[in-house]
Amino acid sequence: MKPSDLNLLQSVSAPTIHPDGSRAVLSVTRPDFAADAYVGQLWSVPLDGSGSPRRMTRGFADTQPRFSPDGALLGFLRTPQGGKPQLHVVSAGGGEPVQLTDSKMGVSWFSFSPDSARVVFSSRVPQHGRYGTVDGVGPGAEDPRLISTFKYRANGAGYTADKRSQVFLLDLPDLDAEPWIAPVGRAKEEAGAAAETTEAAQAADGDASGRFPAARQLTDADADASAPVFSADGQHILFTAALHHGADEDLVSDVYVVDLAGAEPRRLTNTGDASLLGASHPTPSSDGEWLYFLGQNLSGSGTDFVARNTSLYVLPADLNGPVRRLTDPEDIDLAEGGIVAAGESAVLVFNRARGSVELLRVDAGGSRETLVDGARVVHGAAAAAGAVVVSYSDGGTIGDAAVVEAGGLRQLTDFSALLRAETRVAEAVEETHASRDGYPVHGWVFLPEGPGPHPVLLNIHGGPFAQFDCGYFDEAQAYAAAGYAVVQCNPRGSAGYGQDHGRIIKEAMGTKDLVDVLAFLEGVLKSHPDLDAGRLGVMGGSYGGYLTAWTTANDHRFTAAIVERGFLDPLSFVGSADIGWFFSEGYTGADPENVLAQSPMAHVGDVRTPTLVIHSEEDLRCPVEQAQRYYTALKQNGISTQMLLFPGENHELSRAGTPWHRRQRFEHILRWWAHWLPTPANQISQA
């Protein structure tokens, strides 16, 4: 693919299945250059093969579809162009969607009650005087922020303590009722005189006009409450938050329960003396007997997060029994996709495994069945009336839906047909090569068209506890189309291969992980004689930016490099990054000499490789100062270097930045490689 083909990448959401099992609904979203935004609608997909997928809404950006339990309604979030996502519902049989919220900062999540009469949702509530809540007071005129905590901002969200995510409850209106009509003249004047509401109601927004149903705020703690759902009996709300004493100094989170009157929430997890958990995703079972949740063991300190796999836990639905862990964190990592109720006591969960994401069915007794495995990445799933539908990607699709059957997957959609028709999809060749100590390193090679010798780009993933997977990857496809062989692997430190594989670089970054990526590269070069071992580039983002910078300080075989959104100085990271207060010590330790021994910034004087530094100005995960200082040091040392800065973007630029910025990023990357590693398909224009 070319940078201009980004608008062909159609991403598919987690599906929802109508309770009668007749059809699924999902959202399909793509980058749109004309709008410079992500646009998409809801699609209805029959499960019996009796018809083709059909676009059923025409909003600017319609996402997160969910059928009500009785099958009468379909809820979803609609984001208007330039606006915030708001909760809408429409009759499952079709019709005009009805907007239920007008939240100042948008709705992020919602769930129906078991009786389909109410809905619970989460929305950020801004402090009065901030974020446009007072006319004429813009961001630069707001009051100063007095900060006394570690946790006060997050990448992509900015400051968080002044706009906490809270839980709201509303009764669903009669969709057949008379629609709201905007008053005019004397009626408008009278309505304006009666329009005073509470700040919480304004934030929800149940406004005085009567246009939107009034929502009742159930939480008001100085902490984010996320993913609220109803209990199986419909009498309580379950959600995730960190409300305990000392929450600012650890990574512990809990499942809480609150009754519909909004009384004080009760903590359901981390109530004993066992290791502390990062708990999330409370999910009642279909039979109402069990409550499931996900948890990450943080040991007794509450901050031991490095390479900790996520497990499935269960407790009785009456909330009075013991908590049991159902999956082994060494063998299973359920960090993707959440939990889906799947009939009776069973749930569906998503397991990261050797560059794939599998779908597992687990019941309250701990019995486990693998429903989907192989060379694919399952992103979401739904279950109803005995049917299981998944959204997934593989080497040939960025996103599609399929029914899970005994013989495998029966594909329902083909949203990547145009992508395959208009671009060449380079095959991901799966390989394993021995590291220098014999350890097997698993990864992939993407080969360009035509005869070699081809220049090679070693691409390193972020994390580090993440994985390159077998799904369609726009980065590898864009570089392969430009004439480069792309090499990428999951070295020690990565996810998907067990906790020991991930934890071995704790306080030893740039050791075995560096050896692994170089050994994998060397193995690929030996097994592919059409690759040019004398024309090598190396690149990566976040932790991949770290390891790229560390590579060029320790190995000088590469013609050029790209360091993107890098973790480059563990010392300054502590005070500048949203996660710096725990991340640096977790990975590089607390001993100053040992930290410097793992720091690319401390060894920048050893770099000889021309380097392009890419960063986003609003990146709070790896703040822009990391790039600026690294770039300046390279320039002071006489290294050929450039720095590319993106305004208005954060750490997620390459995955979720605006379409034009993502396109420009690709164009600049290919320009850099055209200068240092030109190919017949990628050369500097002489015009």
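- Remark: aromatic rings of Phe305 and Phe465 are distant, center separation not under 6.0 Å.
- Evaluated for a side-chain contact (heavy atoms from CB on, under 4.5 Å) with Thr551, the options Thr609, Leu514, Val607, Asp513 yield exactly one hit, Leu514.
- Taking all atoms of both residues into account, the shortest heavy-atom contact from Thr588 to Asn594 is O-ND2, 3.6 Å.
- Here the CH2-CD1 distance, from Trp672 to Ile562, works out to 7.5 Å after rounding to the nearest 0.5 Å.
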Item to check | side chain to side chain donor-acceptor pair (under 3.5 Å) assessment of Asp400 paired with Tyr392 | outcome: CA-CA 6 Å; Asp400 272 303; Tyr392 71 97; 5.0 Å; no

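- For the atom pair CZ (Arg436) and NZ (Lys512), the distance works out to 11.5 Å, reported to the nearest 0.5 Å.
- Atom CG in Asp555 sits 4.0 Å away from atom CZ in Arg557 (nearest 0.5 Å).
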Item to check | side chain to side chain donor-acceptor pair (under 3.5 Å) between Gln10 and Arg30, intermediate numbers included | outcome: CA-CA 5 Å; Gln10 305 234 51; Arg30 64 177 178 83; 4.8 Å; no

Next on the checklist: Between Ser393 and His379, is the side chain to side chain donor-acceptor pair (under 3.5 Å) condition met? List the steps.
Outcome noted: CA-CA 8 Å; Ser393 63; His379 297 290; 2.9 Å; yes

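- One finds the CG atom of Leu412 at 11.0 Å from the OG atom of Ser52 (value rounded to the nearest 0.5 Å).
- If you take CD1 on Ile614 and OG on Ser654, they are separated by 9.5 Å, rounding to the nearest 0.5 Å.
- Two rings, from Phe446 and Tyr479, have their centers 6.0 Å or more apart.
- The side-chain tip of Arg492 points at the ring of Tyr439 from less than 6.0 angstrom away and within 45° of straight on.
- The ring pair (Phe, Tyr, Trp, His ring centres under 6.0 Å) with Phe567 is formed by just one residue from the set Tyr630, Trp550, Tyr543, Phe583; it is Phe583.
- One finds the CG atom of Leu447 at 5.5 Å from the NE2 atom of His528 (value rounded to the nearest 0.5 Å).
- Remark: Arg663 qualifies as a cation-pi partner of Phe33 under the 6.0 Å distance and 45° angle criteria applied to the six-membered ring.
- Glu618 is not listed as a side-chain neighbour of Glu649, based on a closest heavy-atom distance of 4.5 Å or more.
- Between Tyr484 and Trp673, the two ring planes are tilted [angle within 30° to 60°].
- Taking a cutoff of 4.0 Å between a charged side-chain nitrogen and a carboxylate oxygen, Asp469 and Arg354 do not qualify as a salt bridge.
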